[in-house]
Amino acid sequence: MSFPLLTVTAAVPAVGAILTAAVPAARRTAAKWLALFVSLATLVLAGIVFARFEPGGERYQLTESYAWIKDFGVRYELGVDGIGVALIALTALLIPFVILAGWHDADPLETSSKRWRPTQGFFALILMVEAMVILSFEATDVFLFYILFEAMLIPMYFLIGGFGDRAHAGSDENAAAQRSYAAVKFLLYNLVGGLIMLAAVIGLYVVAGNFSLTEIAGARADGSLEIATSTERWLFLGFFFAFAVKAPLWPLHTWLPNAMGEATAPVAVLITAVVDKVGTFAMLRFCLGLFPEASKWATPAIVVLALISIVYGALVAVGQRDIKRLVAYASISHFGFIILGIFAMTSQAQSGATLYMVNHGISTAALMLVAGFLISRRGSRLIADYGGVQKVAPVLAGTFLIGGLATLSLPGLAPFVSEFLVLVGTYARYPVAGVIATTGIVLAALYTLVLYQRTMTGPVKEEVRKLPDLRPRELAVVVPLIAVLIFLGVFPKPLTDVVNPAVRHTMSDVQQKDPQPEVEAAK
């Protein structure tokens, strides 16, 4: 039996979560260092997975398959394609920075015993989320994926509701109520989506007789499994609805601003840069892979919803007064680009969408974590409470600017490559949609530069006059993220080499070819 590398990569953070939670209450610092060590070990394992993956090889590699629930045909079945490998690397890369950035976010507050925070629990929950997300990117059994898809909601619920943002305006009771509301809304939205998906999972088993993604997709490709058109469309809608909630796609997005606004900055990064990527990843792997005809049938409506997400998210971001909610609405706009790229059904757009998942995760992490450092210093999330920060904390302001420029997809930074590919690929098949989507770029420049102008430039407000600049621990979080943004912006080849073969497989699943450019014959 070959070494179960995929299982070990997911098991290390899971075991680390248990060990971190078991650290005695008085040893908070030891728990932090243990969690950081475990996350770095997971990063090394993810690097090995990335290195061992052969882009020109089999579609699913490093596969594992074991009987789990024999009577129902459920197997513990794992395998990674290029898209899964890229997202596993993203997850493993971000978690150490999330832990470093949240180093003091769960420390007990001396001013109020009511808000005592179990530090060990905070870091254990982060590691547990990492384990479930990595395993969801590896799962090729539909039922196993569903279990992970739902189970990750539990630690996220406690991270949002139990460890909320300390920079909340108002009383402790009001802050607790807002956190509770955000956590419950997050849980209910995603549970409803998950329950609808469960019905679709059961329906898939009824028509296919098993839960194996590879077996079902193979049987559909060779014609040995035929699903009635109406049945396929209903099953597709059940899966897509759950993934659209997780993504989140308009109009199923409303839980995200509340969750990101009330969570700590590191947990907000965990939500939008890591957990939400499961939704867009699953659209590629399960919606297009299992239901190709239904995917093409639903494409016009999904393209319209994606365009609404792009424009609506950006417009609402322009009018935000809260820094974290602005980043949340910007993410809704960016997820619209990702979903548009997936359903444009061209290789350029789907490659761009996959790269966008990775690049959005890194750029949002950089911007949100620097914003979190700023908010923790001033104790306010309101844009109006800042001004002139660049004069008292130039390094903080400079890193904030780079994170913002990455968010608006400035050429030379990683998101530009992915956004450009999405727009070019979309325009090739849907020219009108491609043109409308470009308005998101203009609006992104507006909300990003206005945010920087209002917080970092102008006269120095008295309340920010004594703000310290970034400390060594905070620099250790921000500088590597910026370095990755620049590297992938200049040289994205390491990712595109891995992603492009997987995209070709997905295009083959839906039996689509890239539109050929129309060239007028020379006279």
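Atom set for the values below is all heavy atoms of this structure, side chains included, hydrogens, waters and symmetry mates excluded.
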Residue set satisfying side chain to side chain contact (heavy atoms under 4.5 Å, CB included) with V479, at least two apart, ordered chain then number -> L475
Just by modelled atom types, is the V245 backbone N or O under 3.5 Å from a matching donor or acceptor in the W255 side chain?
yes
Parallel, tilted or perpendicular: rings of F243 and F145 (30°, 60°) | perpendicular
F281 meets the ring-ring contact (aromatic ring centres under 6.0 Å, His included) criterion, sequence neighbours left out, with F137
Heavy atoms of A139 and R285 approach each other most closely as O-NH1, 2.9 Å
Are any side-chain N or O atoms of K324 and backbone N or O atoms of A371, one a donor and one an acceptor, separated by less than 3.5 Å?
no
Evaluate E474 against V395 for side chain to side chain contact (heavy atoms under 4.5 Å, CB included), listing each step before the verdict. CA-CA 11 Å; E474 296 165 335; V395 177; over 6 Å; no
Contacts of Y157 meeting side chain to side chain contact (heavy atoms under 4.5 Å, CB included) (sequence neighbours excluded), chain-then-number -> A183, V184, L187
Under a 4.5 Å cut-off applied to non-hydrogen side-chain atoms, are P501 and D81 in contact?
no
inquiry  = Between Y386 (side chain only) and S380 (backbone N and O only), is there a donor and an acceptor less than 3.5 Å apart?
reply    = yes
Inset, instruction - Please check if the side chain of T496 supplies one atom and the backbone of K493 the other of a donor-acceptor pair under 3.5 Å. - result: yes
With a 4.5 Å heavy-atom cut-off, do D141 and L213 have their side chains touching? no
Quick one: are I486 and I402 in side-chain contact, heavy atoms under 4.5 Å?
no
Contacts of F123 meeting ring-ring contact (aromatic ring centres under 6.0 Å, His included) (sequence neighbours excluded), chain-then-number -> none
* Indicate yes or no: at least one non-hydrogen side-chain atom of S136 is less than 4.5 angstrom from one of F149. => no
Side chains of L19 and V15 in contact at under 4.5 Å (non-hydrogen atoms):
yes
Practice problem: Would you sort out whether Q390 and Y452 count as a side-chain hydrogen bond (donor to acceptor under 3.5 Å, both in side chains), showing the intermediate values? | Solution: CA-CA 10 Å; Q390 67 180 13; Y452 183 83; 2.9 Å; yes
Please report, to 0.1 Å, the donor-acceptor pairs under 3.5 Å made by any side chain of residues 272-280, with sequence neighbours excluded.
| residue | atom | partner | partner atom | Å |
| --- | --- | --- | --- | --- |
| T272 | OG1 | S331 | OG | 3.3 |
| K277 | NZ | T272 | O | 2.9 |
| K277 | NZ | H360 | ND1 | 2.9 |
| T280 | OG1 | K277 | O | 3.2 |

Hits for ring-ring contact (aromatic ring centres under 6.0 Å, His included) against F122, two or more places apart or cross-chain, chain-then-number order -> F163
Is it true that, when you exclude R473 itself, more than 12 heavy atoms of the residues, nucleotides or ligands shown sit nearer than 6.0 Å to its CZ? yes
dist L125:CG -> F158:CZ (nearest 0.5 Å) comes out at 8.0 Å
The complete set of side-chain hydrogen bond (donor to acceptor under 3.5 Å, both in side chains) pairs with one or both residues in residues 82-94, sequence neighbours excluded, reads none
message: Test your reading of the model: is there a side-chain donor-acceptor pair from T448 to the backbone of A445, 3.5 Å cut-off?
response: no
Worksheet entry | Side chain proximity check, S418 to L421, heavy atoms < 4.5 angstrom | no
task: Say whether E64 and Y76, considering side chains only, have a donor N or O and an acceptor N or O under 3.5 Å apart.
output: no
Heavy-atom nearest pair, G440 first then I310, reads CA-CG2, 3.8 Å
Taken to the nearest 0.5 Å, the spacing of F416 CZ from L488 CG works out to 14.5 Å
Q: Decide yes or no on side chain to side chain contact (heavy atoms under 4.5 Å, CB included) for L135 and L78, but give the supporting numbers first.
A: CA-CA 8 Å; L135 202 55; L78 307 181; 3.9 Å; yes
Residue pairs passing the side-chain hydrogen bond (donor to acceptor under 3.5 Å, both in side chains) test with at least one member in residues 183-197, sequence neighbours excluded, are K185-N258, Y189-T254
Contacts of R59 meeting salt bridge (Lys or Arg N to Asp or Glu O under 4.0 Å) (sequence neighbours excluded), chain-then-number -> D509
Salt bridge (Lys or Arg N to Asp or Glu O under 4.0 Å) filter on R378, not counting sequence neighbours, yields none
>> Under a 4.0 Å threshold between the charged nitrogen and the carboxylate oxygen, would R381 count as salt-bridged to D322?
In response: yes
task = Return yes if a side-chain donor-acceptor contact under 3.5 Å exists between S212 and E77, otherwise no.
result = yes
Residue pairs meeting ring-ring contact (aromatic ring centres under 6.0 Å, His included), one or both in residues 475-495, sequence neighbours left out, come to F487-F491
Between the CG atom in L93 and the OG1 atom in T42, the distance rounded to the nearest 0.5 Å is 12.5 Å
*Is the count of non-hydrogen atoms from other residues, nucleotides or ligands lying under 6.0 Å from W33 atom CH2 greater than 12?*
no
In this structure, CD1 of I342 is separated from OG1 of T506 (nearest 0.5 Å) by 9.5 Å
_Donor-acceptor check, side chain of Q120 to backbone of P24, threshold 3.5 angstrom: yes or no?_
yes
Task: Pairwise side-chain contact, I441 with S409, heavy-atom cut-off 4.5 Å (strictly under) - done: no
*Side chains of M357 and L90: closer than 4.5 Å at any heavy-atom pair?*
no
Side-chain (S309) to main-chain (W250) donor-acceptor, under 3.5 angstrom: yes
Of all heavy-atom pairs linking P468 and A393, the shortest is O-CB, 4.1 Å
When every non-hydrogen atom of F97 is compared with those of P480, the smallest separation belongs to CZ-CB, 3.5 Å
Taking every heavy atom of P4 against every heavy atom of Y66, the minimum-distance pair comes out as CB-OH, 4.2 Å
For G261 and R325, the nearest pair of non-hydrogen atoms, with its separation, is CA-CG, 4.5 Å
*Check the pair Y329 / Y312 against side chain to side chain contact (heavy atoms under 4.5 Å, CB included), numbers first and verdict last.*
CA-CA 8 Å; Y329 279 106; Y312 167 83; 4.2 Å; yes
Rounded to the nearest 0.5 angstrom, the CG-CD1 distance for L191 and I154 is 8.5 Å
With sequence neighbours left out, the residues meeting ring-ring contact (aromatic ring centres under 6.0 Å, His included) with F143 are F211
